[in-house]
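Taking it in order: structure first as structure tokens, then the write-up.
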Amino acid sequence: MENASKALLMAGGVLIGLLIITLAVYLFTSFGTTSAEVNKKNQEQQLVQFNTQYTTYLGRTDLTIYDVVTVANSAHENNVNYADVSDHATAYDIIVKIGNTRIDNKSQSDIDNLILVNQTNTKYECTDIEYYDTSGRVKQVTFKQIP
């Protein structure tokens with residue numbers, strides 16, 4: 001009789017141990033999945049926040065040369081920051097154009113000249129924004145001068 005009660009106690013201990021281990025594995029898996037989801041949402045939010053620097057101009061027809069230069073300077077700064085990244089040209093480089101002319105890589109004197117020539121009553125429209133397929137980041141922003 002004594003051996004039977006000890007056997008029941010041992011079996012109960014093993015069952016409780018298995019329940020604790022099962023609960024620990026479940027919680028570990030659950031927290032791991034939650035962490036991955038939170039990390040993914042943070043990355044998506046950072047991407048949206050980054051792209052918003054450029055997408056806020058899309059479709060607007062009240063832009064001045066100063067707005068265009070602001071976008072070009074932001075793109076130039078981005079291109080300099082990511083110049084050392086191995087896939088810079090295929091995932092991080094941002095091009096800003098007025099018509100078919102690229103302006104994000106112009107010198108400061110060329111930018112000053114552009115401002116001087118276009119500062120009076122010249123309006124621009126952001127006509128197109130392209131994105132990289134791999135990263136989802138802005139690839140190219142195109143403006144056109146409104147006559």
Side-chain angles (χ1 to χ4, degrees), residues 8-147:
L8 285 173
L9 286 174
M10 288 175 65
V14 168
L15 285 175
I16 290 174
L18 285 174
L19 286 173
I20 290 172
I21 290 172
T22 304
L23 180 64
V25 168
Y26 171 76
L27 291 175
F28 181 76
T29 305
S30 177
F31 288 149
T33 304
T34 303
S35 174
E37 289 173 1
V38 167
N39 189 26
K40 183 178 178 182
K41 285 184 182 183
N42 283 341
Q43 288 177 343
E44 289 173 358
Q45 185 179 11
Q46 288 173 350
L47 178 63
V48 168
Q49 186 177 5
F50 174 81
N51 286 344
T52 300
Q53 299 175 70
Y54 305 99
T55 58
T56 56
Y57 297 99
L58 186 61
R60 289 183 49 195
T61 58
D62 62 337
L63 303 174
T64 65
I65 190 63
Y66 299 107
D67 296 317
V68 176
V69 168
T70 298
V71 172
N73 286 338
S74 177
H76 177 72
E77 185 178 318
N78 174 77
N79 295 344
V80 168
N81 287 340
Y82 287 100
D84 296 334
V85 176
S86 62
D87 58 347
H88 172 263
T90 59
Y92 294 101
D93 194 36
I94 300 175
I95 299 169
V96 178
K97 291 182 174 183
I98 297 177
N100 292 324
T101 306
R102 184 172 177 175
I103 64 166
D104 61 280
N105 60 356
K106 299 266 187 210
S107 69
Q108 188 59 46
S109 62
D110 289 340
I111 294 291
D112 292 342
N113 231 5
L114 187 65
I115 291 172
L116 186 63
V117 171
N118 294 298
Q119 68 183 349
T120 56
N121 298 329
T122 304
K123 296 292 182 188
Y124 292 88
E125 177 182 7
C126 181
T127 58
D128 186 35
I129 295 180
E130 296 177 26
Y131 300 90
Y132 286 106
D133 292 333
T134 54
S135 65
R137 293 169 57 103
V138 169
K139 175 181 182 179
Q140 179 173 308
V141 181
T142 306
F143 294 92
K144 78 172 183 180
Q145 187 173 351
I146 300 173

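Side chains are part of it too, since the values below use all heavy atoms of this structure and drop only hydrogens, waters and symmetry mates.
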**Message:** Among residues at least two apart in sequence or on other chains, which ones pass salt bridge (Lys or Arg N to Asp or Glu O under 4.0 Å) with Asp133?
**Reply:** none
**Within-4.5 Å side-chain heavy-atom neighbours: Val69 and Ile115** = yes
**Request:** Would you please test Ile16 and Leu18 for side-chain contact (heavy atoms from CB on, under 4.5 Å) and show each step?
**Result:** CA-CA 5 Å; Ile16 290 174; Leu18 285 174; over 6 Å; no
**Item:** Counterpart residues, side-chain contact (heavy atoms from CB on, under 4.5 Å), relative to Ala83 (two or more places apart)
**Value:** none
**Prompt:** With sequence neighbours left out, which residue pairs that include part of residues 90-124 fulfil the ring pair (Phe, Tyr, Trp, His ring centres under 6.0 Å) condition?
**Reply:** Tyr82-Tyr92
**Side-chain heavy-atom pair Leu116, Gln119 within 4.5 angstrom cut-off** = yes
**Item:** Summary of salt bridge (charged side-chain N to carboxylate O under 4.0 Å, His left out) pairs that have at least one residue in residues 36-58, sequence neighbours excluded
**Value:** none
**Item:** All side-chain contact (heavy atoms from CB on, under 4.5 Å) counterparts of Asn42, not counting sequence neighbours
**Value:** Val38, Gln45
Could you tabulate the donor-acceptor pairs under 3.5 Å formed by side-chain atoms of residues 137-147, not counting sequence neighbours?
{"residue": "Arg137", "atom": "NH2", "partner": "Asn78", "partner atom": "OD1", "Å": "2.9"}
{"residue": "Gln140", "atom": "NE2", "partner": "Thr142", "partner atom": "OG1", "Å": "3.3"}

**Qualifying salt bridge (charged side-chain N to carboxylate O under 4.0 Å, His left out) pairs, either residue in residues 55-80, two or more places apart** = Arg60-Asp62
**Asked** Residues two or more places apart in sequence or in another chain: which of them pass ring pair (Phe, Tyr, Trp, His ring centres under 6.0 Å) with Tyr131?
**Response** none
**side-chain contact (heavy atoms from CB on, under 4.5 Å) involving Thr134 - partner list, sequence neighbours excluded** = Ala91, Tyr132
**Item:** Distance-minimising heavy-atom pair for Asn51 and Gly136
**Value:** ND2-O, 2.9 Å
**Asked** So how far is it from Thr122 OG1 to Ile65 CD1, rounded to the nearest 0.5 Å?
**Response** 7.5 Å
**Prompt:** Is there a donor in the side chain of Ser74 and an acceptor in the side chain of Gln53, or the other way round, less than 3.5 Å apart?
**Reply:** yes
**Item:** Derivation and outcome, side-chain contact (heavy atoms from CB on, under 4.5 Å), residues Thr64 and Lys123
**Value:** CA-CA 5 Å; Thr64 65; Lys123 296 292 182 188; 3.9 Å; yes
Hey, can you pull the donor-acceptor pairs under 3.5 Å for the side chains in residues 98-107, sequence neighbours left out?
{"residue": "Arg102", "atom": "NE", "partner": "Asp104", "partner atom": "OD1", "Å": "2.8"}
{"residue": "Arg102", "atom": "NE", "partner": "Asp104", "partner atom": "OD2", "Å": "3.2"}
{"residue": "Arg102", "atom": "NH2", "partner": "Asp104", "partner atom": "OD2", "Å": "3.0"}
{"residue": "Asp104", "atom": "OD1", "partner": "Val96", "partner atom": "N", "Å": "2.9"}
{"residue": "Asp104", "atom": "OD2", "partner": "Asn79", "partner atom": "ND2", "Å": "3.4"}
{"residue": "Ser107", "atom": "OG", "partner": "Ser109", "partner atom": "OG", "Å": "3.1"}
{"residue": "Ser107", "atom": "OG", "partner": "Asp110", "partner atom": "N", "Å": "3.3"}
{"residue": "Ser107", "atom": "OG", "partner": "Asp110", "partner atom": "OD2", "Å": "3.3"}

**Message:** So, taking the atom named CG in Asp93 and the one named CD1 in Ile95, what distance separates them when rounded to the nearest 0.5 Å?
**Reply:** 5.5 Å
**Request:** Give every residue pair that meets the ring pair (Phe, Tyr, Trp, His ring centres under 6.0 Å) criterion with at least one member in residues 48-81, sequence neighbours excluded.
**Result:** Phe50-Tyr54
**Message:** Once side-chain contact (heavy atoms from CB on, under 4.5 Å) is applied, do any residues pair with Thr52, and if so which ones, sequence neighbours excluded?
**Reply:** Val48, Thr55, Thr56
